[in-house]
Amino acid sequence: MENKSQPPNQINNNFIQEIIENEQKSNTSAKQLVTRFPPEPNGYLHIGHAKSISINFELAKLYNGKCHLRFDDTNPLNENPDFIESIKKDIKWLGWNWGENLFYASDYFETLFEYATKLTLDGKAYIDESSQEQIRQLRGTLNSTGTESPYRNRPINENVELLNKMRNGDFEEGSMVLRAKIDMNSGNINLRDPILYRIIKTPHFKTGTKWKIYPTYDFAHGQSDSIEKITHSICTMEFEDHRPLYDWLIENIHIHHPQQIEFARLNISYTVLSKRKLSELVEKNYVQGWDDPRMPTISGLRKRGYTPESIKNFCNKIGVAKRQNTVEIQLLEHCIREDLNKNCKRVMGIIDPVKVVITNYPENQSEKLEAINNPEQEEMGSRKIEFSREIYIESNDFMEDPPKKYFRLSPGKEVRLRYGYIIKCTKVIRDEVSNKILQIECEYDPNTKGGYAPDGRKIKGTIHWVSSSNSFETKVNLFNNLFSVEKPDEYDSIKEVINPNSMETFHNSRIENHLLKAMPGDKFQFERLGYFCVDKIDSISNLPIFNRTVTLRDSWAKIQGSTNPKISQS
RNA sequence: UGCCCGGUGGUGUAACGGUAGCACAAGGGACUUUGAAUCCCUCAGUCCAGGUUCAAAUCCUGGCCGGGCAGCCA
């Protein structure tokens with residue numbers, strides 16, 4: 001048999017793997033592969049980070065190496081220890097383990113300073129007392145070369161002395177910086193005497209007030225990689241221009257030389273993935289927090305009901321390359337459906353209920369019917385559900401004047417109640433004032449218990465239901481795309497493209513009693529609707545509140561040409 | 001009028017000079033007590049122009065288009 005598809009969950013062949021593969025083949029020094037994930041503790045992780053985490057940890061796993069977690073905490077102005085825990089939690093939740101290899105760039109401040117001293121001693125770095133404005137002026141522009149600073153040729157001993165005084169806190173913030181002496185004429189602006197250290201007197205959450213100067217990203221990052229003996233330093237494309245500087249510093253300090261490799265960051269349709277825009281959503285209260293189920297953050301996805309498995313799978317499917325990309329959000333949805341379909345218990349829940357009275361079913365009678373828990377996994381068994389005279393069905397499973405090919409309930413028509421009976425609609429009762437449907441009356445066919453028609457008549461439609469006695473009323477949140485356009489990044493303001501209907505809450509949904517004791521995070525398929533998870537237990541009612549993770553695929557909605565599938569306005 | 005990177009179906013990603021494949025999406029069909037799942041089928045692609053070669057998505061040259069870079073952010 002031909003092996004047509006690749007084994008599940010195998011990472012796509014990508015160019016980084018190819019580089020490593022080639023190194024191992026032609027290999028001279030059989031070094032152990034060491035990668036790292038280097039977040040700055042200044043925000044929450046999102047699915048773009050998950051891609052990076054996945055690349056780094058997956059590679060380590062694949063080549064029997066290791067992946068470090070290193071917090072890039074070089075700027076006390078931006079960073080906050082609260083983020084440390086959330087970042088660790090999210091990585092662990094995704095299923096990755098850095099083991100003993102947890103580091104902080106701040107652990108290396110002393111060594112970094114030694115490196116800076118060495119460069120200064122070698123005449124490769126100098127103290128510049130120009131103002132921030134002057135430095136910018138002299139840097140030149142994209143189309144013009146820079147000009148050397150008047151401080152560039154300061155004697156070495158003076159530089160060393162000033163550097164030490166800078167460290168001691170003898171100078172004001174902004175009064176001077178340490179710069180590498182490279183090339184003010186370079187076409188690459190990063191090489192025009194980049195700043196290595198700046199004075200910051202804000203205390204650092206780890207080193208306190210010990211340091212008055214802090215290394216910039218360019219000076220801290222590569223050297224930290226080197227100290228940790230990283231072999232492959234994988235980052236996103238915007239650092240490509242920094243690679244010549246990364247290499248220059250390491251070569252001029254004469255230390256272990258990791259290889260920086262850049263890949264294209266992830267973009268997903270109908271959402272944003274930049275830290276700035278994500279914060280804006282939170283700060284301007286477009287969402288309820290970083291972990292709002294509409295957010296593409298790891299914590300948001302978790303609250304939404306995504307599983308680590310589905311996210312990892314997604315990361316494997318999107319591949320790794322250098323070209324700009326926007327992955328359709330449908331692929332993410334596919335990944336979570338794939339996982340949940342296999343593993344979730346089926347259950348019946350009515351988002352927007354309408355009452356149905358079975359007029360020929362005795363008033364005080366009820367009976368138990370058998371329902372299968374998961375047709376994908378027989379081991380999951382079955383459960384009993386209760387049928388009685390008064391039940392609820394989904395309001396959009398009834399239409400008084402249905403279009404053709406509508407297989408659900410309508411006047412005079414029959415429909416099957418899943419695992420129940422075949423019923424026929426006999427009457428619709430409306431509110432005289434509002435004309436709203438108050439109640440639907442049906443008759444059931446007693447010979448169709450379990451939903452089987454002994455006379456062999458074909459019943460095309462099957463709908464979900466709960467009996468009023470065997471269900472509880474609770475709140476259900478439905479989510480849609482946060483943005484109404486495919487590429488929100490292309491618009492100036494979030495406001496003009498945010499989807500006003502990204503969240504819809506139903507307060508009177510009815511769920512079968514089977515879920516009374518469901519706990520936060522528990523996941524279910526509500527038959528015919530989608531996958532839902534318990535958001536939390538309501539503090540007043542003590543009942544679970546549900547979030548819709550994703551709808552089931554819905555070919556009826558497509559036929560209808562509806563842009564808002566499932567539960568439309570009543 | 002600088003430096004760097006990139007352009008393969010609608011989207012994402014393979015093919016390493018030798019049959020352009022996979023996934024998602026879309027369309028159709030089979031099955032169906034979830035309009036789900038599953039299964040089958042279909043649609044659809046190498047930015048352009050030259051060159052090298054028996055043979056080019058792949059190598060070369062020149063265009064065109066897209067992206068990144070002028071923080072004491074990362």
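- Checking A:S130 against A:D128 by side-chain atom types alone, a donor-acceptor pair falls below 3.5 Å.
- Heavy-atom distances under 4.0 Å link RNA chain B to no residue of residues 218-225 of chain A.
- Residue A:E527 is classed as a base contact, given a heavy-atom separation below 4.0 Å to a base.
- Both geometric conditions, a ring-centre gap below 5.5 Å and a plane tilt below 30°, are fulfilled for A:W556 over the base of B:G35.
- Atom CG of A:N168 has more than 12 heavy atoms from other residues, nucleotides or ligands within 6.0 Å.
- The side chain to side chain contact (heavy atoms under 4.5 Å, CB included) test applied to A:K181 returns A:Y126, A:R152, A:N153, not counting sequence neighbours.
- Of all heavy-atom pairs between A:V320 and A:F15, the closest is O-CD2, 3.8 Å.
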Next item on the list: May I have the step-by-step check of side chain to side chain donor-acceptor pair (under 3.5 Å) for A:E527 and A:H464, ending in yes or no?
Entry: CA-CA 7 Å; A:E527 294 217 29; A:H464 59 283; over 6 Å; no
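- Nucleic acid contact class of A:S274 (heavy atoms, under 4.0 Å, all strands): none.
- OP1 and OP2 of B:U32 both lie 4.0 Å or more from every side-chain N or O belonging to A:R416.
- A:D73 and A:S106 share a side-chain donor-acceptor pair at under 3.5 Å.
- Taking the salt bridge (Lys or Arg N to Asp or Glu O under 4.0 Å) definition, one finds that A:E238 meets it with A:R265, sequence neighbours left out.
- Test A:D397, A:L417, A:V415 against A:W465 for side chain to side chain contact (heavy atoms under 4.5 Å, CB included) and you get one pass: A:L417.
- The nearest heavy atom of RNA chain B to A:P215 and to A:R346 marks one nucleotide each, and the one closer to the 5' end goes with A:R346.
- A:Y419 is linked by a ring pair (Phe, Tyr, Trp, His ring centres under 6.0 Å) to nothing, counting only residues two or more places apart in sequence or in another chain.
- Residue A:K405 is classed as a base contact, given a heavy-atom separation below 4.0 Å to a base.
- Looking only at atom types and distance, the side chain of A:Q260 has no donor-acceptor partner in the side chain of A:D247 under 3.5 Å away.
- Heavy atoms of A:T141 sit under 4.0 angstrom from at least one base atom.
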Notebook entry, point to check: In dot-bracket, 5' to 3', how would RNA chain B read with Watson-Crick or G-U wobble pairs under 3.5 Å, [ ] for crossing ones and | for pairs to another strand?
Noted result: .((((((..((((....[..)))).(((((.......)))))....(((((..]....))))))))))).....
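- As rounded to the nearest Å, B:A30 and B:A36 have C1' atoms that lie 16 Å from one another.
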Kindly list each side-chain donor-acceptor pair under 3.5 angstrom involving residues 444-451 of chain A, sequence neighbours excluded, with atom names and distances?
residue: A:D445; atom: OD1; partner: A:N447; partner atom: N; Å: 2.9
residue: A:D445; atom: OD2; partner: A:R457; partner atom: NH2; Å: 2.3
residue: A:T448; atom: OG1; partner: A:I422; partner atom: N; Å: 2.9
residue: A:T448; atom: OG1; partner: A:D445; partner atom: O; Å: 2.6
residue: A:K449; atom: NZ; partner: A:E367; partner atom: OE1; Å: 3.0

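- Counting any heavy atom pair closer than 4.0 Å across all strands shown, A:T326 reaches sugar-phosphate atoms only and no base atom.
- Within the 4.0 Å cut-off from OP1 or OP2 of B:A74, at least one side-chain nitrogen or oxygen of A:T74 is found.
- As rounded to the nearest Å, B:A14 and B:C3 have C1' atoms that lie 31 Å from one another.
- Here A:S555 reaches the OP1 or OP2 of B:A36: one of its side-chain N or O atoms lies under 4.0 Å away.
- Close to B:C72, at under 4.0 Å from its OP1 or OP2, lies a side-chain N or O of A:R139.
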Check nucleotides 24-28 of chain B against the protein and report each pair of N or O atoms closer than 3.5 Å, with its distance, or say if there are none.
residue: B:A26; atom: OP1; partner: A:K558; partner atom: NZ; Å: 3.0
residue: B:A26; atom: OP2; partner: A:R553; partner atom: NH2; Å: 3.2
residue: B:A26; atom: OP2; partner: A:K558; partner atom: NZ; Å: 3.4

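- To the nearest whole angstrom, the two P atoms, one in B:C43 and one in B:G10, are 14 Å apart.
- Scanning for ring pair (Phe, Tyr, Trp, His ring centres under 6.0 Å) contacts around A:Y217 gives A:H221, A:F239, with sequence neighbours left out.
- The interatomic distance linking A:F239 (CZ) with B:C3 (C1') rounds to 18 Å, in whole Å.
- Applying the ring pair (Phe, Tyr, Trp, His ring centres under 6.0 Å) test to A:Y44 and every residue at least two apart in sequence or in another chain returns A:F83, A:W290.
- Taking atom C1' on both B:C22 and B:G17, the two are 22 Å apart, rounded to the nearest angstrom.
- Contact annotation: side chain of A:E18 to base of B:C16, donor-acceptor pair present below 3.5 Å.
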Is there any protein nitrogen or oxygen under 3.5 Å from a nitrogen or oxygen in nucleotides 4-9 of chain B, and what are the pairs?
residue: B:C5; atom: O4'; partner: A:E240; partner atom: OE1; Å: 3.2

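- Under the ring pair (Phe, Tyr, Trp, His ring centres under 6.0 Å) criterion, A:F526 pairs with A:F532, A:F546, sequence neighbours left out.
- Between the base of B:A36 and the side chain of A:H464 there is no donor-acceptor pair shorter than 3.5 Å.
- Pairing each heavy atom of A:A116 with each of A:Y197, the nearest pair is CB-CE1, 3.5 Å.
- Heavy-atom distances to RNA chain B give each of A:Y217 and A:P375 a nearest nucleotide, and the one nearer the 5′ end belongs to A:P375.
- Separating the C1' atom of B:U13 from that of B:G6 is a span of 15 Å, rounded to the nearest Å.
- Less than 4.0 Å separates RNA chain B from no heavy atom of any residue of residues 43-51 of chain A.
- Considering only heavy atoms from C-beta on, A:V466 stays 4.5 Å or farther from A:I511 through its side chain.
- Nucleotide B:G71 is shown with a syn base, its glycosidic torsion being within 90° of 0.
- Looking at heavy-atom distances under 4.0 Å, A:N143 makes contact with a base.
- A:K342 comes within 4.0 angstrom of no nucleic acid atom, judged by non-hydrogen atoms across all strands.
- A:Y214 comes within contact range of no nucleotide atom at all, as no heavy-atom separation falls under 4.0 Å.
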